[in-house]
There are 2 protein chains.
Amino acid sequence: MGAWDRAFHIMAKVKVGLPQGTRDFSAETVRKRNYIFITIRTVFELYGYQPLETPAMENLDTLMGKYGEEGDKLIFKILNNGLDRTEKHLKAKEDFEKVLEGKNVDGITERALRYDLTIPFARYVAMNHGQLTYPFKRYQIQPVWRADRPQKGRYREFYQCDADVVGSTSLLNEVELVSIYATAFEKLGVGVDIKINNRKILGALAELCGGADKMVDITVAIDKLDKIGIDKVKVELLERGLTEEQVSIIEQYLAIDGSNDQKRAKLAALIGHIEIGKKGIEELTYIYEFFNPESSIVNSETLDPTYVSLTIPDSRFTIDDSRFTIHAPLVFDFTLARGLNYYTGTILEVKARNVQMGSIGGGGRYDDLTGLFGVPNLPGVGVSFGVDRIYDVMEELKLFPEDVQVGTQVLFFNLGEAESRAAFGLMQQLRNKGIRSEIYPEAAKFDKQFKYADKKNIPYIIILGAQELEDGTCAVKDLKKGQQETVSQARLVNYPFKF
Amino acid sequence: MGAWDRAFHIMAKVKVGLPQGTRDFSAETVRKRNYIFITIRTVFELYGYQPLETPAMENLDTLMGKYGEEGDKLIFKILNNGLDRTEKHLKAKEDFEKVLEGKNVDGITERALRYDLTIPFARYVAMNHGQLTYPFKRYQIQPVWRADRPQKGRYREFYQCDADVVGSTSLLNEVELVSIYATAFEKLGVGVDIKINNRKILGALAELCGGADKMVDITVAIDKLDKIGIDKVKVELLERGLTEEQVSIIEQYLAIDGSNDQKRAKLAALIGHIEIGKKGIEELTYIYEFFNPESSIVNSETLDPTYVSLTIPDSRFTIDDSRFTIHAPLVFDFTLARGLNYYTGTILEVKARNVQMGSIGGGGRYDDLTGLFGVPNLPGVGVSFGVDRIYDVMEELKLFPEDVQVGTQVLFFNLGEAESRAAFGLMQQLRNKGIRSEIYPEAAKFDKQFKYADKKNIPYIIILGAQELEDGTCAVKDLKKGQQETVSQARLVNYPFKF
């Protein structure tokens, strides 16, 4: 095959490696990640959300300017095809020089990798506005790319996992999304607090402190509370031009504590007299009471974080007749701000219990998803799951079910030509019953085949040698228990394997 | 919220569109595609193949030079971060000039989108060589990107779906892969022919026609037979410097027809005396007989394409005791060449029956996957499924099961505040049983809610109005049959929905 060798092996060897900040996922990791994806997807579907997939690349125009100046820098741009080693170089060079002068970049790059799932979703809705049925409920589980400096837990390629509904202002949507969080994390076995706040409450606080134009300053400072503490937040607020008196009101606001109803009472005393604050508290209360239909906001053992003991019930669900009880506490957290983004109403954030980890989910309501793309006044609300962090939490707390990690369930040893043919027939019967099986492809030494089963964590091996071939039997060995049993070939298909 | 408006709405509206050659996939399409992916993945797992996922981007060095000159041009390169609008411009400009002089490109692009799944797999195996358990069986289902000119059925982003085993020369692997094809297409309900040939047979033909150095010429010409016909193939062979006599031998070879055993006999007469040809026929025969253990190559009603009537059995599987019968005929096709690639032994191609369509799968054996990455002599064999074409075939032949397309199964009408709260509780019970349900989020007019159910193809609606609230009942309406039934709320959870 000299010709083939020449045709395909002319290139020099290259050093092998992965681009910084990217990862290969081997079988065990893929399986565990799929367990998370499938669980969340199943819950999205249970709630009537429909899948959407958009391309990895978008037009550069679609993405640029949507994520702030810092975000723009982190967008991976794709070089126009043929621009590095072809005859288009001169044209490209001209274009490149234009770029340097701050002009048109079309000559060099017109496409980029998606940076999140929200802007592609907005682009999709705007493009298909006339054909969609509203309220439009979509979920999307796909990777995104960011040219961030890689560090522990931060990657340049990672998955996002979003559900949004657009075209409806009803708070029932918020109720559903809270319930989606509770159900998904309960199915995953992850104990969480679901924190809730409302941008209207933050708006009222801003009004109380000198007007709506203070909103951004206040939000940015509050958002850092977890990281830098109250004292530094106060310093930052003063630096941002708020008066001592205003800062003192904010301090009072941030100090609100107690059970949900105690918090609510304190909040009402502080901002309940402001129209927008009243509205915010009403919205919060509406959502809260949905999970608590008999009582008003007070008096809930299930939902008040002071009383909740988060136990995962055996059934993974608890139904109390016509009422649905969620086991993840819904916690009023007025310090929740959700950074500098486009939320206008409810905001949500999910924190895992019993582990040190940032938020593993977040979302909120926005007024206008698609205005940027020419379709104004389409309100919506959505949530996002932080899959990489959820993975880390589940690893740390050992929450992945054992069977998630099992690949092949049965390995047939290969002990020769005639033996492997007989084994092949038996193996096909097991496969037809859905048992994941393989046969060692060569008649290698016993040791080698054992080692293969061991390394691949295969729970059963089946040995069919010359003697068994003659007897019409085979030996089934349970590698976990170290027990072996002789079984007639005809009955192997009904053998009680325990996986 | 003036501040927010200012912060997030300062950008001008942009024209919305998708990059050429890319697609959005809406719910129905995602569902159908997932049906194909899940079916194939399940079969891969049944056969002991393990999942692998690699990043979308690879180092440019890893990809360049692996796909021929034409392939290199089709690789999407990623602009180094910060190269279009930052202070790095001058540095970048210098680098760019170097590129123009044919020097180092590092300044401009160092990463690219993967072009296929084979090279990333080879890179992964080479990188993790010491840690892997051999034979290493992996499958991979991920998108790839090519800057090809878009046209009907050809996209710039599309999925590949590969299974490969490396580190084993046993023909049992080929047997398994043929069986994977047969099983997967049977589960999908797609009638196929699995064509098989062997590069050693083509090698023998080349020897017969003047030496191994004619191999590439002959393969390239033969590969076009389907498209251009025998006469033009002959012209091309003559143009490529073969003699009339040699071309006549090739014509004789290409004309081989009949049942598998007739073909094999004719082939043996032509090239059986050449060592490599004999080996090729032996390999072909070994694989063939595995599905036919009692007979030699002749005399198989199941496998001979002349006799096979491809019926999909009810059970989707037929097991004849210790013997596995595949329903997809394995067809000897000596005109199969599989283009200009690195195959060295068995080659496979799958054609759908009853529809005009190119091959929907292909694969083969290669001698050296990872030599390019510094790990020599790792042989392997693999197959690939052409998911986009399989999708088109299944659409054309209407092979997708109806239930694949059902999203939400039950819609609760929203008829007011108290009514929707009661409906919400009932809905959660259905969801806990796994029934995909939603409630219309606003108390809109009946008509509007009906229209919503209709457009989303929801089979059942549940109406719970003031009267039902009082009676403790609800009305279940089967929209397909147009029948309505009053059910007590307590018994709704056990209602016999038919999905």
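To find a chain, count down the sequence lines: A is the first, B the second, and so on, and within it residues start at 1.
The candidate from B:E28, B:Q20, B:R111, B:M57 with the greatest count of non-hydrogen atom pairs under 4.5 Å with chain A is B:M57. Listed options B:P19, B:S26, B:A27 were ranked by heavy-atom pairs under 4.5 angstrom with chain A; first place goes to B:P19. Of the listed residues (A:G407, A:P143, A:S170), the greatest number of heavy-atom pairs within a distance under 4.5 Å of chain B belongs to A:S170. The candidate from B:K455, B:R156, B:R31, B:Q409 with the greatest count of non-hydrogen atom pairs under 4.5 Å with chain A is B:R31. For chain A, the option among B:A56, B:A443, B:A126, B:P120 with the highest count of heavy-atom pairs below 4.5 Å is B:A56. For the set A:Y155, A:Y134, A:F76, the count of heavy-atom pairs under 4.5 angstrom toward chain B peaks at A:F76. Among B:V30, B:N173, B:T408, the residue making the largest number of heavy-atom pairs under 4.5 Å with chain A is B:V30. Ranked by heavy-atom pairs shorter than 4.5 Å toward chain B, the options A:R436, A:K137, A:K451 are led by A:R436. Contacts with chain A were tallied for B:L411, B:T133, B:L18; B:L18 has the most, counting heavy-atom pairs under 4.5 Å.
Rounding to the nearest 0.5 Å places CG of B:L172 at 6.0 Å from CG of A:N414. To the nearest 0.5 Å, atoms CH2 (B:W145) and CG (A:L113) are separated by 7.5 Å. Atom OG1 of residue A:T54 and atom CD of residue B:E157 lie 8.0 Å apart, to the nearest 0.5 angstrom.
Both the backbone and the side chain of B:Y440 come within less than 4.5 Å of a heavy atom in chain A. Residue B:R138: no heavy atom, backbone or side chain, is found under 4.5 Å from chain A. Using a 4.5 Å cut-off between heavy atoms, B:I435 touches chain A through its backbone atoms (N, CA, C, O) alone.
We find that A:R431 and B:E176 are joined by a salt bridge, their nearest charged nitrogen and carboxylate oxygen being less than 4.0 Å apart.
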Exercise for review: Please assess B:F25 against A:L52 for the test side-chain contact (heavy atoms from CB on, under 4.5 Å), listing each intermediate value before the final yes or no.
Suggested key: CA-CA 6 Å; B:F25 296 114; A:L52 171 71; over 6 Å; no
Practice item. Mind running side-chain contact (heavy atoms from CB on, under 4.5 Å) on A:R421 and B:E289 for me, showing each step along the way? Key: CA-CA 10 Å; A:R421 278 174 194 264; B:E289 286 191 353; 4.3 Å; yes
**Study point:** side-chain contact (heavy atoms from CB on, under 4.5 Å) between A:V16 and B:T62, worked out
**Key:** CA-CA 7 Å; A:V16 281; B:T62 301; 5.7 Å; no
Exercise for review: Assess whether side-chain contact (heavy atoms from CB on, under 4.5 Å) is satisfied between A:T22 and B:E58, documenting all intermediate values.
Suggested key: CA-CA 9 Å; A:T22 68; B:E58 293 279 351; over 6 Å; no
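Annotation: side chain of B:S437 is not in contact with side chain of A:L46 (no heavy-atom distance under 4.5 Å).
Across all their heavy atoms, A:Q428 and B:Y47 have their closest contact at OE1-OH, 3.3 Å. Across all non-hydrogen atoms, the minimal contact from B:E442 to A:T169 is OE2-N, 3.5 Å. Scanning both residues, A:D24 and B:P55, for their nearest heavy atoms gives OD1-CD, 3.2 Å.
Within the 3.5 Å criterion, the main-chain N or O of B:G48 finds a donor-acceptor partner in the side chain of A:K456.
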